[in-house]
Enquirer: 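Before we start, here is the structure in question, set down as structure tokens.
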There are 2 protein chains.
Amino acid sequence: MLGCGMARTDDRFRSAYNRLLDICGSMDIGGQLPAETVLADRMDVSRTIVRSALQKLDSDKLIRWEGRNKTLIRKPEPEHRLEVEEGTLSTEELEQRFFEWILRFDVPAGTALNVAQFSRQFGVPVHNLQEFLAGLSRLGLVERRPRGGWFLLGFTSEFAIELSDFRMVLELNAVRQLLTLPPEHEIWQKLETLKQEHEDLKAVLKDRYHDFSLLDEKFHSAINSVVKNRFVLEAQKLIKLIFHYHYMWDKRDELERNAAAIEEHLEWINAILAHDVEKSEAAALKHLRRSKVTLLQSLRGHKFA
Amino acid sequence: MLGCGMARTDDRFRSAYNRLLDICGSMDIGGQLPAETVLADRMDVSRTIVRSALQKLDSDKLIRWEGRNKTLIRKPEPEHRLEVEEGTLSTEELEQRFFEWILRFDVPAGTALNVAQFSRQFGVPVHNLQEFLAGLSRLGLVERRPRGGWFLLGFTSEFAIELSDFRMVLELNAVRQLLTLPPEHEIWQKLETLKQEHEDLKAVLKDRYHDFSLLDEKFHSAINSVVKNRFVLEAQKLIKLIFHYHYMWDKRDELERNAAAIEEHLEWINAILAHDVEKSEAAALKHLRRSKVTLLQSLRGHKFA
DNA sequence: ATTTTGAATTTAATAATTAAATACAATATG
DNA sequence: CATATTGTATTTAATTATTAAATTCAAAAT
């Protein structure tokens, strides 16, 4: 253990060792530690780790370990604790950092992605990045080059158009399903609340137009929540991501855009609450079409900024 | 080069070397090989590889290499050629093998997937498998375990139901789009041909009912082909895969099932050709709903076989 | 008979290594 | 001298080797 080039972090060992110190701390000198299996169970690690930790406790003269006797001979002090590395970025965080990078620097489609550089920049093992990019390739955002490496595909106008069209298909389907739901379904109450929230924000929009982004997400999530389907959900995660990030970086005409969107949302909500299928679909289409145009404009804006 | 533990195959070098032998073969003794850059360009490899290959030609006494003089001193013989390893499985082949394995052995949801074992079984580097599984995780078919490893999620009844529902959303959308297309669009001719093919097969179904599988795929592909959208296409790839494999392994009542399907297809095609929106959607729904039931039955059949 | 331990094996993550690509300076050629 | 070509060094990416950790199984102790 602790060779010069450690092929794998011993993080799990270190945190287990510290937890074992805690256990020792709550015991009296001369007391016996429980069996290896019991410790392994209690700390949710393998016996291998328990045994390594016990070995270290023994060689550090905190316990005397002979066969199945593990006698505490000294109370652990704070300096006995091992430093535990802070965890690496989660997939969600990595996703955030990646999209932020793309949009902040207007990375154009076709750009080669340097895994080693990302690894340094984000402090993420190359391995995790490969995995992350492989996932994105299924979504058509990146592609593998014939001989190693990756390159960015997405964020062209075509991508935005197709994503928006896909969004339309999914949300119109959600609207159709929604309108067949019985009056006792929670969605109706949700929509009443959302209507009120839209009207409240509309009244103070000039001062608080930044707040619309959150409300927008809440509204679309509510509409989509009636469809219980893992494929739809997965697709919506991507849609939310792209639209969210683009709005975050495109601040032109934000007040006007949000004012128009609120009106469209209200028209849509009212049509649904009136159980008017035709009007609901029309209102949905109107809003989604304008959303598509906005996304396209934000892309062009970025490109020629 | 050629150390005992080669960290990477020198496949590229070997095939480049062989191509260089071909070039030498078409030259006369005493002739000069072109510049390194020219060779690199012509063989589509880096100069590094060209230089390694030249070095080997020199040490094998086929050329004399001094500075920029590369003189052919002996014609290459067949025994000079290097053996080139056959390439590894492509992503598509890997996908096929993976799904075949799942369905052939009825691998239940929740099963832990052993990357090392797949690597041996399929003859694919672990690396590629990780990448492949990372892609599937975006589709919700597998999931990463908290501490390393993967496990299978899909192929439960819920999965089949949600996939079928998703399919309905996409194909109904395709039908709606199809019906707005102008008469000169190629789809109308395609549908006429498909109608004839269905009727031809129907006439000889008792003897050739196995052929329906192909026709089924052709028909659904045609319908979906009118939607030009990368997200829809990606989703359809998965749908096709799952339905295809299930039909391949479920042979019960194949004749009856296919007979019914042909009738449903014909009803659907006729409704579309008559430009009847209502009837087209109804026929599509009827067929897709029965397809869903069949998929669910085939799952149960597998489970209790 | 059951629990616990010791040792060996297997699995999975990652550091080290190698093939290949690229960049750049040095040299030769017209 | 300008251009083309080569030699060397660096960077990148794929794969092996190594290590941490989990698991397995038989032996020993209670």
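In what follows, every chain begins at residue 1, and chains take the letters A, B, ... in the order their sequences are listed.
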Enquirer: Tell me, which of residues 27-43 of chain B have any heavy atom that sits under 4.0 Å from an atom in DNA chain D?
Expert: B:Ala35, B:Glu36, B:Thr37
Enquirer: Can you measure A:Gln55 atom CD to D:dA21 atom C1' for me and round it to whole angstrom units?
Expert: 15 Å
Enquirer: Does a side-chain N or O of B:Arg12 approach OP1 or OP2 of C:dA21 to a distance below 4.0 Å, or not?
Expert: yes
Enquirer: Roughly, in whole Å, what's the span from CG in B:Asp11 to P in C:dA21?
Expert: 12 Å
Enquirer: What is the distance, to the nearest angstrom, from the CG atom on A:Leu82 to the P atom on D:dA20?
Expert: 14 Å
Enquirer: Let me spell it out: for each of A:Ile49 and B:Lys70, pick the nucleotide of DNA chain D with the closest heavy atom. Which residue's pick is nearer the 5' end?
Expert: B:Lys70
Enquirer: Between C:dG6 and A:Arg51, is there an OP1 or OP2 to side-chain N/O distance shorter than 4.0 Å?
Expert: yes
Enquirer: Please determine if B:Asp58 and B:Arg51 form a salt bridge, counting it only when a charged side-chain N lies under 4.0 Å from a carboxylate O.
Expert: no
Enquirer: Could you list, one pair per line, each protein nitrogen or oxygen that sits under 3.5 Å from a nitrogen or oxygen of nucleotides 22-30 of chain C, together with the distance?
Expert:
from, atom 1, to, atom 2, distance (Å)
C:dT22, O4, B:Thr48, OG1, 3.1

Enquirer: When the distance from CG of B:Asp58 to P of D:dT6 is rounded to whole Å, what number comes out?
Expert: 14 Å
Enquirer: Check this for me: does any side-chain nitrogen of one of A:Asp22 and A:Arg81 sit under 4.0 Å from a carboxylate oxygen of the other?
Expert: yes
Enquirer: B:Leu54 has an atom CG; how far is it from atom C1' of D:dT5, in whole Å?
Expert: 13 Å
Enquirer: Between the side chain of B:Lys228 and the main-chain N/O of B:Leu233, is any donor-acceptor distance below 3.5 Å?
Expert: no
Enquirer: Nearest whole angstrom, please: distance from the P of D:dA22 to the CG of A:Asp10.
Expert: 12 Å
